[in-house]
A.B. asks: 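Supplied in structure tokens, the structure appears directly below.
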Protein chains: 2
Amino acid sequence: MSMLESEQSKKSNLQNYIPKKPERIACSIEKALDVIGGKWSFLVLKELFDGTKRFGELQRKIKSISPKSLTDTLRHLEEYGVLERTAYPTVPVTVEYKLTPKGEDLHQMLKEMKLWAAKWCSDV
Amino acid sequence: MSMLESEQSKKSNLQNYIPKKPERIACSIEKALDVIGGKWSFLVLKELFDGTKRFGELQRKIKSISPKSLTDTLRHLEEYGVLERTAYPTVPVTVEYKLTPKGEDLHQMLKEMKLWAAKWCSDV
DNA sequence: ATATCTACTTACCTTGAGTTAACTAACTAT
DNA sequence: ATAGTTAGTTAACTCAAGGTAAGTAGATAT
């Protein structure tokens, strides 16, 4: 029981950003949602399409995000190979986030999403 | 207290499917997410791209969805003008759901999403 | 010695999306 | 009468995403 518990807490700590999956139907839409379905993923991605950004910059751009949510989102997207984290040993430390090719490739989808919203959600 | 309570419960009952919004930044991506950002929206939409479907059909296709979640999702998408509900006075009652033009217009986006997932999530 | 900076981490807590299970309406068929 | 049908509703509950607030590292500036 105690052995299981320690594994449990470790696991839940690491995975606290992964959205729950509707039982792994082998469906490409769900796979995409596992990666980019979080509350903040789209907003972070949107910022990174404008180029490499640092933690603080993202925080300032996405005003209502907490540092925890930002870290969680960045880690999650990194884990899935959508973005890359690079730390430079400056002082204070500099950390840069940029999209990988996999992440860049989401551009078309995001674009379609924006087009749709522009067309249908302009003042509703 | 009791007056507030009744309003409260009515409200939470009506709105229990609307995802929380990151403080209404006037951003088209967020607007789109308000509409289609729920856990089940994409899966329901995917089914309806194949044509008009009834409640029971949707339930059978999306195996892990509960009737409540299905109702909530359908109501939410209807409210945003993405789909249309039509009830026929047969016995037992027949209810059909079909996409509106606004809903049909999501096709391109969903397609891009599937393409991306096919390219990058095939066996990860 | 204390303050300041960035980029976090940790612990605790709230909330609301989603689940489960039972029930309902309105009618038909046996 | 009772069982079966579709398309839900209702109440009670769970659970994990996300929020809040405080702390940390490692160095510089005053």
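Just so it is clear, the values below take in all heavy atoms, side chains as well, and ignore hydrogens, waters and symmetry mates. Here is how names work: the chains are called A, B, and so on, in the same order as the sequence lines, proteins then strands, and each is numbered from 1.
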A.B. asks: Whole Å only: how far is the NZ atom of A/Lys68 from the P atom of C/dC13?
C.D. replies: 15 Å

A.B. asks: Give a yes/no on whether any side-chain N or O of A/Arg54 is located under 4.0 angstrom from OP1 or OP2 of C/dA7.
C.D. replies: yes

A.B. asks: Between D/dG8, C/dC8, C/dA7, which nucleotide gets closest to the side-chain atoms of A/Arg85?
C.D. replies: C/dC8

A.B. asks: Between N or O atoms, less than 3.5 Å apart, protein on one side and nucleotides 24-30 of chain D on the other: list the pairs.
C.D. replies:
none

A.B. asks: Quick check for you: among D/dA7, C/dC8, C/dG18, whose closest atom lies nearest to any side-chain atom of A/Pro67?
C.D. replies: C/dC8

A.B. asks: Mind checking whether B/Arg75 and B/Arg85 have side chains closer than 4.5 Å, heavy atoms only?
C.D. replies: yes

A.B. asks: Does D/dT6 have OP1 or OP2 sitting under 4.0 Å from an N or O in the side chain of B/Tyr97?
C.D. replies: no

A.B. asks: Would you say a side-chain N or O of B/Ser69 is under 4.0 Å from OP1 or OP2 of C/dT19?
C.D. replies: yes

A.B. asks: Between A/Asp72 (CG) and D/dA17 (P), how many Å, whole number?
C.D. replies: 9 Å

A.B. asks: A/His76 NE2 to C/dC8 C1': how many Å, rounded?
C.D. replies: 19 Å

A.B. asks: How close do A/Ile36 and A/Met109 get, heavy atom to heavy atom, and via which atoms?
C.D. replies: CD1-CE, 3.8 Å

A.B. asks: Nearest of D/dG19, D/dG8, C/dC8 to any side-chain atom of A/Trp40?
C.D. replies: D/dG19

A.B. asks: Given atom CG of B/Leu70 and atom C1' of D/dT9, what is their separation to the nearest angstrom?
C.D. replies: 13 Å

A.B. asks: Quickly work out the B/Lys39 NZ to C/dA17 P distance and round it to whole Å.
C.D. replies: 13 Å

A.B. asks: Applying side chain to side chain donor-acceptor pair (under 3.5 Å), name anything that partners A/Thr52, two or more places apart in sequence or on another chain.
C.D. replies: none

A.B. asks: At under 4.0 Å, does any side-chain N or O of B/Arg75 touch on OP1 or OP2 of D/dA7?
C.D. replies: no

A.B. asks: Donor-acceptor pair, B/Trp116 side chain versus A/Gly103 backbone, under 3.5 Å?
C.D. replies: no

A.B. asks: Check every strand shown and say whether A/Thr90 touches a base, only sugar-phosphate, or nothing at a heavy-atom separation below 4.0 Å.
C.D. replies: nothing

A.B. asks: Measure the spacing between CD of A/Gln59 and CD of A/Glu47 and express it to the nearest 0.5 Å.
C.D. replies: 12.5 Å

A.B. asks: Tell me the interatomic distance from B/Leu43, atom CG, to C/dA17, atom C1', rounded to whole angstroms.
C.D. replies: 15 Å

A.B. asks: Rounded to the Å, how far apart are B/Tyr88 OH and D/dT6 C1'?
C.D. replies: 15 Å

A.B. asks: Could you check B/Arg60 against B/Thr71 and say which one's nearest nucleotide on DNA chain D is further toward the 5' end?
C.D. replies: B/Arg60

A.B. asks: Which whole-number value in Å describes the distance from A/Glu96 CD to C/dT6 C1'?
C.D. replies: 13 Å

A.B. asks: How many angstroms lie between atom NZ of B/Lys114 and atom NZ of A/Lys31, to the nearest 0.5 angstrom?
C.D. replies: 12.5 Å

A.B. asks: Between A/Phe49 and A/Leu115, is there a shared hydrophobic cluster once you connect ILVMFWY residues whose side-chain heavy atoms come closer than 4.5 Å?
C.D. replies: no

